[in-house]
Number of protein chains: 2
Amino acid sequence: MAKKTTRVRSVRDQPVSAAFLVGPDFDPAGVDPAATPVGPSSKAEAAEDLVGVGERLDALQEAFYAEGLGGGRRSVLLVLQGLDTSGKGGTIRHVAGLVNPQGLRIASFKKPTPAERRHHFLWRIHKQLPEPGYIGVFDRSHYEDVLVPKVDGLVPAAQLRTRYREINEFERELADGGTKIVKCFLHISPERQKERLVARLENPVKRWKYDPGDLAVRAKFSRYQQAYREALTRCSTSTAPWYAIPSDRKWYRNWAVARLLLEALGDLGPEYPEPSYDPEVELARLREDDPLR
Amino acid sequence: MAKKTTRVRSVRDQPVSAAFLVGPDFDPAGVDPAATPVGPSSKAEAAEDLVGVGERLDALQEAFYAEGLGGGRRSVLLVLQGLDTSGKGGTIRHVAGLVNPQGLRIASFKKPTPAERRHHFLWRIHKQLPEPGYIGVFDRSHYEDVLVPKVDGLVPAAQLRTRYREINEFERELADGGTKIVKCFLHISPERQKERLVARLENPVKRWKYDPGDLAVRAKFSRYQQAYREALTRCSTSTAPWYAIPSDRKWYRNWAVARLLLEALGDLGPEYPEPSYDPEVELARLREDDPLR
């Protein structure tokens, strides 16, 4: 009898969704933003893996898009949150850029306008949800409405708790309606943030990304970390989990988010819709009754 | 005295915008959809050129996006029209896919819904116009509202003429408002359309792209050619020109549209906005008064 062999999966091989899942004890202060615990350990390895990831993402997304057109109800929502320079824009460029732009719905949420403020904080979010078959990408999100008020003490604690509950209910409804939600916290160190702010100021073609107000926000770095800890631990649910992505290394951040998206689409297992016609009949029509013959 | 040398630019080197511009005498029936009159003459050459085109497009688009965020008012609108299988979707995948998806606004116009029908035909178009700094891509457009009625005799000739005028006025207003309009007619032959329809039916992962109604439209191929001739010649203006892109070869079509887009963005010459702050002051703040020091 042949010996039974078991391939030992190393920790490096575990899914990104398992490695970076935010659990009840999560604290950004205790997580190294430069860590690369799973997957590639160099930029070159990451680039090599991303080629295959891109091909699979592209194929899955095409099926997903077709499924949506064919009457499917499922969609994907990728939420990106993180402090200035954490790389929300770069992630969109490099990860969302791997798939057909026709199947993407990208929405940026800036400081709410006066008109938006007159509505419930989820009002503007609802308007940007992806349609079936689409991958929605949120550059900031409804989480701004718990993070900023918490840091700046704008709303009482009881109202914050109400918002956490409303967010969980909202995301539960989305999931029930067929939306796969993937929330990524792009986690960077204050040192890396400083480097990137300096780089923005030194490079004339990057100056448009800098705002003098960024330093006032930077002064609250640790309060934001605490606000993220509270929001993420309260709102990382089985239907809408949060992932904390080490983002001090851009190549690792891009790789990890691309992998997460691939795992999410793979779990969904999109399927091309059954045609509502008989392909053989149509082929015969085209070959024999071609109107232009 | 040195001899004056004149570099003779071959016809192959002329801009795509000059080669494919639709003039008053344009007639699709007289244009070879398999021609490759300018630029690369093979798929490999096109692929090689596209690398550089992609890099330049990406750089120009970033500046354009920054310009828009900085208060600029300009936008780009790429309109794609063509019969079934002419490659509107493929062009979006391969050309729009060259730039950062965050700076794109892609809109598809299908058969108008009952709600849309109750409005003027330009109503739904207005709602999808790109904001400043964005590249809008229309997969079909307001031209459906002159092409289909013309082919199917749905509206009297006088009303069609009114629509052409309204389109020209609308596009003139857009241009006056800062929108660079690039309209592409993806021109294919009936033979190539048949091949692509057969391919869609034979390949299970392409069947979702086929609709039995496609054959009824195919039966009107030459009437559509005539409708395109009328619409394009009436609505190819200096502010919003039409280009007829030979689209029997996918690689040539993608190359030509990418080049057109590059020429359009290059003409605009987007500029990074001047910062509203003093970079030196901010650098000093960050280096000396860093709130996290």
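Below, read A as the first sequence line, B as the second, and so on, with proteins coming before strands; counting in each chain starts at 1.
- Closest heavy-atom contact between B:Gly266 and B:Leu60: N-CD1, 3.9 Å.
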Produce the donor-acceptor pair table for chain B versus chain A, cut-off under 3.5 Å.
from     : atom 1 : to       : atom 2 : distance (Å)
B:Asp58  : OD1    : A:Arg93  : NH1    : 2.9
B:Asp58  : OD2    : A:Arg93  : NH1    : 2.7
B:Glu62  : OE1    : A:Arg93  : NH2    : 2.6
B:Arg93  : NH1    : A:Asp58  : OD1    : 2.8
B:Arg93  : NH1    : A:Asp58  : OD2    : 2.7
B:Arg93  : NH2    : A:Glu62  : OE1    : 2.6
B:Gln102 : NE2    : A:Ser108 : OG     : 3.2
B:Gln102 : NE2    : A:Asp139 : OD2    : 3.1
B:Ser108 : OG     : A:Gln102 : NE2    : 3.2
B:Asp139 : OD2    : A:Gln102 : NE2    : 3.1
B:Lys194 : NZ     : A:Leu286 : O      : 3.4
B:Lys194 : NZ     : A:Asp290 : OD2    : 3.4
B:Glu202 : OE2    : A:Arg287 : NH2    : 2.5
B:Arg207 : O      : A:Tyr277 : OH     : 2.7
B:Tyr210 : OH     : A:Glu282 : OE1    : 2.7
B:Arg218 : NE     : A:Asp290 : OD1    : 2.8
B:Arg218 : NH2    : A:Asp290 : OD1    : 3.4
B:Arg218 : NH2    : A:Asp290 : OD2    : 2.8
B:Tyr277 : OH     : A:Arg207 : O      : 2.7
B:Glu282 : OE1    : A:Tyr210 : OH     : 2.7
B:Leu286 : O      : A:Lys194 : NZ     : 3.4
B:Arg287 : NH2    : A:Glu202 : OE2    : 2.5
B:Asp290 : OD1    : A:Arg218 : NE     : 2.8
B:Asp290 : OD1    : A:Arg218 : NH2    : 3.4
B:Asp290 : OD2    : A:Lys194 : NZ     : 3.4
B:Asp290 : OD2    : A:Arg218 : NH2    : 2.8

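- Each of A:Val205, A:Val198, A:Val281 has some count of heavy-atom pairs under 4.5 Å with chain B, and the biggest count is that of A:Val205.
- Atom CG of B:Leu262 is separated from atom CG of B:Leu57 by 5.0 Å, given to the nearest 0.5 angstrom.
- Here the CG-CG distance, from A:Leu286 to B:Leu197, works out to 5.5 Å after rounding to the nearest 0.5 Å.
- The shortest non-hydrogen separation linking A:Cys184 to A:Leu78 is SG-CD1, 4.0 Å.
- With sequence neighbours excluded, no residue satisfies side-chain contact (heavy atoms from CB on, under 4.5 Å) with A:Pro132.
- Annotation: side chain of B:Phe138 is in contact with side chain of B:Ile125 (closest heavy-atom distance under 4.5 Å).
- Listed here is the closest heavy atom pair of B:Ile188 and B:Phe221: O-CZ, 3.5 Å.
- B:Phe64 CZ to B:Leu268 CG: the interatomic distance, rounded to the nearest 0.5 Å, is 5.5 Å.
- Chain A forms more heavy-atom pairs under 4.5 Å with one residue of B:Ile106, B:Leu104, B:Leu215 than with any other, namely B:Leu215.
- Looking at B:Pro275, only its side chain comes within 4.5 Å of chain A, counting heavy atoms on both sides.
- Only the side chain of A:Leu69 has a heavy atom closer than 4.5 Å to any heavy atom of chain B.
- With respect to chain A, the highest number of heavy-atom pairs below 4.5 Å among B:Pro101, B:Ala219, B:Ala107 belongs to B:Pro101.
- The shortest non-hydrogen separation linking B:Ala258 to B:Leu50 is CB-CD2, 3.6 Å.
- If you measure heavy-atom distances from B:Pro273 to chain A, the contacts under 4.5 Å come from the side chain alone.
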